[in-house]
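First the proteins, then the strands, lettered A, B, ... as listed; each starts at 1. When reading the values below, keep in mind they use all heavy atoms of this one structure, side chains included, and skip hydrogens, waters and symmetry mates. As the structure is a computational prediction, the values presented were derived from the model and not from experiment.
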Amino acid sequence: MDNFLDDLNDSQREAVCFNDGPSLVVAGAGSGKTRVLTYKIAKLIEDGLRPSSILALTFTNKAAREMKERIGKLVGEENAKKLWMGTFHSIFGRILRKEADALGFNSDFTIYDSHDSHNVVKAIIKERKLDDKVYSPKKVASRISEMKNELVSPEAYAAKSAYHDYDVQQRMPLFNEIYRQYCQRCKDANSMDFDDLLMFTNVLFRDNPQILAKYQNIFKFILVDEYQDTNFSQFLIVKKLAQKNKRICVVGDDAQSIYSFRGARIENILNFEDTYKDDGVRVIRLEENYRSTPNIVAAANSLIQKNTKQIKKNVFSSKEQGAPVAVLSSYSDFEESTKIAGIIKNILAKDKSLTYADFAILYRTNAQSLTFEKTFRTNNIPYRLWGSTSFYERGEIKNVLGYLRLIINPNDEEAFKRVVNYPTRGIGDTTIGKILDVAHEKRVSAWSVICDPVAMGLSVNAGTVVKLSGFRELIERFIAKKEELDAYELAEIVIHQSGVWADLQKDKSPEGMSHKQNVEELLNSLSASAVSHLESDGEPYMLGDFMAEVALMTSMDDDDSASNEKVTLMTVHAAKGLEFKNVFVVGVEENLFPSQMSSGTEDGVEEERRLFYVAITRAEKFCVLSYAKSRMRNGAPSISNPSRFIKDIDSSLLNFDLAPDYLSLYSRVNSKAQLDKNNHTLTSSYKVNPVRTQPRFNVRPLEVEGKTSGGLIGGIPQNKPRRLAPMPSALSSGPSGEGVDVKVGDKVVHPQFGHGQVVKIEGLGTPMPKVVVAFDAIGEKTLILKYAKIKVIR
DNA sequence: ACTAATAACATTTTT
DNA sequence: TGTTATTAGT
């Protein structure tokens, strides 16, 4: 362990080693915060703390996964596995399932995603026959979310007249009623939305001191990553849990707090020192930036200095000075994208060590990606779109998940609505409407209604009753098997017996084929998870396990392996935590960045400035700030001015001298005196010669992969790149083992497990025979033949 | 129950 | 402009 500490600078080491009280680690951009967190946890374990008594909270699954992996390398997989490490939502979701009784919930509650929540709100507004222009479901849903994050229950809301006054002012006097009904609806469906996972944790701890005490004792040390993005609800959970031991370390960067619109409170980090001032709190600053050149760091610093709300720090870089941050001016959004395409090509032509993957285009709004997509396609620049629709958000996957949700929690109304008539089984909108009316009136679930339509007073004709009981029996048959079959086996049966597979089979269009393949991929993924779970835990992977996880997955958890050698296109928000050698921040214009919606208030502008800070600090070597004088906005052309943020940056750190020949961007560096003064030197990689950057002809559409799985989805050519996420990693393995003819004694090779020999074949003649292979490296494993990626060596 | 038409909309979105 | 969701019509 001691030698690990040698990898750290002084402040990093202090952050790792101070474990006797609360600490705030202010981690500037690129300052090695993850390293500190992982080493710190490793040190705690080495110092004798049991991994199972450490709670480490992150905001993304990805962050948790990566950190766990790195800790595993330091202190062993076994230890890393026992850590309570995960997102706020997954950790407290787990605790809520365990303690569901205390809240009057069933431990099999469904997690409603934002789509589900939105639908519930919409349904309530429709039922109440309210004007959805006044009561915009979107506004109502976000207000509900906001209130939950602030821990304001419908009752507390009603008790405070200021809330009602606000609603009247918003012309939504009935908001409180809708809020109340929404909560009721969720409860009746045994469901919690994302915000509930945190809110009910607070309720649990508030109303059950003995349960709070239990977890205070379990968690001897608490770590929180990205603390600047915690909301009030999260702040309070952490505070309560840390109250007893006061051994808490939060890590974050106030300068990168960019999620206030989701309830994040920058005050949490700004006031941390004060919150724990009586407990020997220590504030440690990580100020050396290991990512970017001094030029980029200085530019970012000069920008963020314009903010009033911030913790004082002095971020610096010891790398080579590098090129100044460049400002690129264009006449239109189209020209902007074309110039940048040219610059990328030029840089690549000059510096062979770089690939397309070393470039990122960062924009404020998703709509801006379009121009770049078009231009990159015509210029044969491969790209990937980041952060669009996740695998689990595809319609065909949601249909299957609808069935699976219903099996675990039949009261799940959103799942019920999704699949009761899919595939079509003659249960139309009228019938569904009647069922829901009865359910809502009696305050029971839709499922309860179809379980006993007569007793519930459902007035439908005899034929419909038969259809309904057919559906009920179908689901009940699945439910009967949920404990005896694992997640994969059950899902396989569900897909076939529900008629989903037959329905997919009918559609022969390219889209239909891809839907079918996605469902197959879901099965592959389940199969892989089932196998690996059995491997590592010795426990089968049950449907309930999968359902608890899947609701908390996002597009960020999807596989990224197809992203090599591609320029990344993404929003600045999505870029937080990432780094690229070359970054183009585009659309750096007033009313766009800062966004018009935010420029009304000082707080709003400050957050936009932090966002801009995040954008600049993603760059390792070269950063371009680009603006266009006109761009298409919502169909119409609009004129824009350069962003105020360009003026916020110390102009001596900028290179404005780009027009009309943008290539002077690179050549100017050595010639101007002000740059010499600052000792700016330019690495050879950025000195490029002018070459023609725009091909005259529109070459055939590029193969574009990744989030735009436009290229080839399972070999099916698609004309237009579509904005879809790639498969989650486990899903990437196609059923290549299909048709593999193995027999006992065969030597086989597996991409992950290496070489081995077939010991046994089970379940021959069943839909999914399994094969037991003794691998040289890791011993015996049971694989599902159809999905195992094994090759026979003859 | 499906399709075609049209109306409404368009910051950001770790869960 | 481009997408999405609802609605009308067959």
Among A:R364, A:R631, A:K629, find the residue that satisfies the salt bridge (charged side-chain N to carboxylate O under 4.0 Å, His left out) test when tested with A:E589.
A:R631
Test your reading of the model: is there a side-chain donor-acceptor pair from A:N307 to the backbone of A:I304, 3.5 Å cut-off?
no
Euclidean distance for C1', B:dT12 against C:dA5 (whole angstrom):
22 Å
When you compare B:dT14 with C:dT3, how far apart are their C1' atoms, in angstrom units rounded to a whole number?
25 Å
Under 4.0 angstrom, heavy atoms only, what part of the nucleic acid is A:S595 near: base, sugar-phosphate, or nothing?
base
Walk me through it: do A:S390 and A:S555 pass the test side-chain hydrogen bond (donor to acceptor under 3.5 Å, both in side chains)?
CA-CA 4 Å; A:S390 134; A:S555 58; 5.7 Å; no
Could you list where the contact with chain A starts and ends along DNA chain B, reading 5' to 3', using a 4.0 Å heavy-atom cut-off?
B:dA1 to B:dT15
Can you check the A:F372 CZ to C:dG2 C1' distance for me, whole Å?
18 Å
Nearest-0.5 Å distance, OG1 of residue A:T58 to CD of residue A:E226:
9.0 Å
A:G86 backbone acceptor or donor facing A:S90 side chain under 3.5 Å:
no
Would the distance check show the side chain of A:Q228 and the main-chain N or O of A:D253 forming a donor-acceptor pair, the cut-off being under 3.5 Å?
yes
At 4.0 Å (heavy atoms only), tell me whether A:D333 reaches a base, stays on the sugar-phosphate, or touches nothing.
nothing
Side chain to side chain donor-acceptor pair (under 3.5 Å) with A:S260: which of A:R610, A:E606, A:E607?
A:E607
Does a side-chain N or O from A:K138 land closer than 4.0 Å to OP1 or OP2 of C:dT4, or not?
no
Tell me, yes or no, whether the heavy-atom count around A:D429 atom CG, taken from other residues, nucleotides or ligands under 6.0 Å, exceeds 12.
no
Could you pick out which residue, A:R425 or A:L611, lies toward the 5' side of DNA chain B when each is mapped onto its nearest nucleotide?
A:R425
Reading DNA chain B from 5' onward, which residue's closest nucleotide shows up sooner: A:T554 or A:N421?
A:N421
Salt-bridge present (A:R291, A:E579; N to O < 4.0 Å)
yes
In terms of base orientation, is B:dT11 syn or anti, with the syn window spanning 90° either side of 0?
syn
Identify all pairs in which a protein N or O lies below 3.5 Å from an N or O of nucleotides 6-10 of chain C, and state each distance.
unit_1	atom_1	unit_2	atom_2	d
C:dT6	OP1	A:K122	NZ	2.8

